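Single-structure report; data block below.
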Amino acid sequence: MTIFDNLLMGFGVALSWEALVYCFIGVTLGTFIGVLPGLGPMVTIGMLLPITYYLDPTSAIIMLAGIYYGSQYGNSTASILLNLPGTSAGAVTCLDGHPLALQGRAGSALFMTTIASFFGSCFGIIVLASLAPILANFALQFGPTEYFALMLLGLIAAAILVRDSLVRGLVSVLLGLLLGLVGTDIYSGSPRFTFGFLKLSDGIGLVPIATGVFGVALIMANAGRHVVSGSTEKLGWRSMMPGPGDVRRSILPMFRGASIGSILGMLPGAGPTISTFIAYATEKKIARDPSRFGRGAIEGVAAPEASNNAASQTGFVPTLTLGVPGDPVMAVMLGALMIHGVPPGPMLLVDHAPLFWGLVASFFIGNLLLLILNIPLIGLWVQLLKVPYGLLYPMIISFVCIGVYSINNSVFDVGLVMAFGLFGYMMLLLSIEPAPMLLGFILAPMIEENFRRSLILSRGDFMTFVESPISGGLIALTALLFGWIIVSDFYQKKAQVPNPNAVKKNSGGKD
């Protein structure tokens with residue numbers, strides 16, 4: 001079947017009334033949560049993940065995906081008006097978006113971010129639909145050694161690309177791997193790390209960890225925040241019209257940003273955050289007048305937003321075709337598929353073709369809904385920013401507890417959520433990024449299974465991991481990436497050490 005035949009089949013799935021309803025719910029909730037600073041899609045996905053247990057796999061993944069890319073649209077509202085990004089990927093939008101708001105151009109800035117987001121999303125969807133079948137065919141050559149090497153590369157990339165500290169990233173990954181090994185040994189059937197709790201014999205659930213570490217922890221960190229709007233501009237249709245030259249100056253930046261986001265979104269550990277920084281840096285580098293950036297350059301808003309949304313779409317490529325998530329949201333998507341008995345990987349496009357192409361088609365529909373919803377509802381989203389957090393956060397915590405309890409009717413699961421919420425809050429205080437931990441938790445069982453299966457087939461010969469050209473190349477790439485980060489970190493720290501001779505010279509030779 002050609003890509004057009006596959007998309008036609010996908011639209012047949014995505015245009016059913018059930019898929020349309022859940023797509024609308026997902027993108028609306030995603031925009032709502034993206035507007036609120038300090039939260040993000042993980043909180044909403046964690047809250048609604050229990051509901052998906054009662055849905056069919058297609059509707060569940062369509063709704064969760066809508067929350068994800070819908071939050072990227074709403075993220076720009078708080079970034080521009082309050083200088084407070086809802087997610088880390090929206091931090092770059094603050095650099096020029098908030099100065100535009102202070103200049104009385106908040107409406108036009110929000111309008112251009114919506115257009116850029118729509119363009120970036122459509123660009124990313126086309127890349128996803130074009131490359132996913134090619135990558136899936138290539139992945140059919142993978143065996144247990146290749147999958148182990150690929151997942152190892154994803155974990156190392158996630159550890160070193162999220163934050164500057166390599167040690168903290170590796171600690172986070174190792175914590176996730178340890179949590180993922182809790183339960184029953186897949187070969188011997190012996191319990192491990194259960195500490196006598198029968199509830200842990202099947203392992204720790206994805207929902208308690210995701211909602212605790214990303215939901216409850218962030219709520220604890222932001223509960224005392226008092227937000228005051230930086231813009232009192234009344235947003236109407238006239239104020240939202242782009243200024244002279246805004247559209248012309250945004251066309252090429254949107255294209256460049258979408259291209260960067262589409263490429264980086266497919267890399268494990270990169271995701272929307274890194275792509276937005278690179279897109280912004282690229283525009284500033286090639287600009288005729290770089291001094292405009294940081295003072296209200298429309299290109300500094302259009303390029304990151306296009307990159308952000310393109311990366312959100314192409315992030316589904318490795319998740320669905322290889323089973324390797326690129327960020328924590330993709331890890332939850334992977335877990336949701338596995339909960340519904342849909343194994344991700346190259347056979348997904350064959351065994352569950354209606355689900356895959358229905359999801360791709362729903363991206364077009366969801367982004368069109370977001371374009372229709374966001375422009376007229378910008379004023380409503382602005383009003384949501386005035387909701388007191390003292391009322392908002394207790395409601396979110398209540399929904400989290402109810403949703404987690406409803407899965408197994410277990411108070412133990414609610415206790416796990418609170419425990420992981422406190423644990424996640426401690427990680428935030430110690431500046432340890434929780435995203436690699438969740439990736440490690442999701443991938444731990446698959447890494448262990450492929451590692452042990454490889455050794456069983458090779459009768460304990462560790463050389464099996466480098467004998468295959470694919471697995472050997474992936475392990476070599478992992479080693480090079482790891483070594484490059486260590487060397488660059490060493491030289492960076494060395495450059496920060498002051499030169500005693502230079503200090504003495506500057507002080508005139510006096511102690």
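Everything quoted here is computed from the prediction, not taken from an experiment.
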- [ ] For the residue pair Asp413 and Val417, establish whether any side-chain heavy-atom pair is separated by less than 4.5 Å.
- [x] no
Task: Nearest-0.5 Å distance that lies between atom CG in Leu457 and atom CZ in Arg452 - done: 13.0 Å
Open item on the list: If you compare all heavy atoms of Met254 against all heavy atoms of Ala302, which two are closest, and at what distance to 0.1 Å?
Closed with: CG-CB, 3.8 Å
- [ ] Return the minimal non-hydrogen interatomic distance between Pro208 and Phe420, and the atom names on each side.
- [x] O-CB, 4.0 Å
Task: Closest non-hydrogen atom pair between Ser471 and Ala149, with its separation - done: O-CB, 3.7 Å
Task: Validation row: Phe148, Thr464 side chains within 4.5 angstrom (heavy atoms) - done: no
TODO: Return the minimal non-hydrogen interatomic distance between Gly366 and Cys23, and the atom names on each side.
DONE: CA-SG, 3.6 Å
Open item on the list: Under the ring-ring contact (aromatic ring centres under 6.0 Å, His included) test against Phe363, which residue among Phe11, Tyr69, Tyr68 passes?
Closed with: Tyr69
Open item on the list: Measuring from atom CD1 of Ile67 to atom OG1 of Thr28, what distance do you get when rounded to the nearest 0.5 angstrom?
Closed with: 10.0 Å
TODO: Apply side chain to side chain contact (heavy atoms under 4.5 Å, CB included) to Leu152 and Ile447, showing your working.
DONE: CA-CA 8 Å; Leu152 182 64; Ile447 287 179; 5.8 Å; no
Open item on the list: Would you say CE of Met338 has more than 12 non-hydrogen atoms from neighbouring residues, nucleotides or ligands within 6.0 angstrom?
Closed with: no
Task: Rounded distance (nearest 0.5 Å) linking atom CG of Leu131 with atom CD1 of Ile126 - done: 11.5 Å
Open item on the list: Can you confirm whether Leu179 sits close enough to Met437 that some side-chain heavy atom of one is under 4.5 Å from a side-chain heavy atom of the other?
Closed with: yes
Task: Side chains of Leu174 and Leu177 in contact at under 4.5 Å (non-hydrogen atoms) - done: yes
Task: Polar side-chain atom of Thr314 near backbone of Ser262 as donor-acceptor pair, under 3.5 Å - done: yes
- [ ] Give a yes or no on whether Phe364 atom CZ has more than 12 heavy-atom contacts from other residues, nucleotides or ligands under 6.0 Å away.
- [x] yes
Open item on the list: Quick one: does any side-chain atom of Ser454 pair with a main-chain N or O of Thr145 as donor and acceptor, under 3.5 Å?
Closed with: yes
Task: Side chains of Leu200 and Phe412 in contact at under 4.5 Å (non-hydrogen atoms) - done: yes
Open item on the list: How close do Ala258 and Ala310 get, counting heavy atoms only, and between which atoms?
Closed with: O-CB, 3.5 Å
Task: Phe118/Thr114 under side chain to side chain contact (heavy atoms under 4.5 Å, CB included): CA gap, chis, key distance, verdict - done: CA-CA 6 Å; Phe118 180 75; Thr114 302; 5.7 Å; no
Open item on the list: Test your reading of the model: is there a side-chain donor-acceptor pair from Thr184 to the backbone of Ser201, 3.5 Å cut-off?
Closed with: yes
- [ ] Classify the ring geometry between Phe119 and Phe123 as parallel (under 30°), tilted (30 to 60°) or perpendicular (over 60°).
- [x] tilted
Task: Euclidean distance, Leu355 CG relative to Asp56 CG, rounded to 0.5 Å - done: 8.5 Å
Open item on the list: Ignoring hydrogens, what is the shortest heavy-atom contact between Met9 and Pro354? Give both atom names and the distance.
Closed with: CE-N, 4.3 Å
Task: Residue pair Ser117 / Asn309, side-chain donor-acceptor N/O under 3.5 Å - done: yes
Open item on the list: Within this structure, what is the CD1-CG distance for the pair Ile365 and Leu20, rounded to the nearest 0.5 Å?
Closed with: 5.5 Å
Task: Heavy-atom side-chain proximity of Leu334 to Met446 below 4.5 angstrom - done: yes
Open item on the list: Quick check against the 3.5 Å criterion: does Ser16 have a side-chain atom that pairs as donor or acceptor with the backbone of Val13?
Closed with: yes
Task: Candidates Thr194, Ile209, Leu181 - the one meeting side-chain contact (heavy atoms from CB on, under 4.5 Å) with Ile204 - done: Ile209
Task: Any donor-acceptor pair under 3.5 Å from Ser362 side chain to Leu359 backbone - done: yes
TODO: Report yes if some heavy atom in the side chain of Leu474 is under 4.5 Å from a heavy atom in the side chain of Phe465; otherwise report no.
DONE: no
Open item on the list: A side-chain contact here means heavy atoms from C-beta on lying under 4.5 Å apart; do His352 and Leu337 qualify?
Closed with: no
- [ ] Can you measure from CE (Met333) to CG (Leu320) and round to the nearest 0.5 angstrom?
- [x] 9.5 Å
Task: Under 3.5 Å: donor-acceptor pair, side chain of Arg256, backbone of Ala303 - done: no
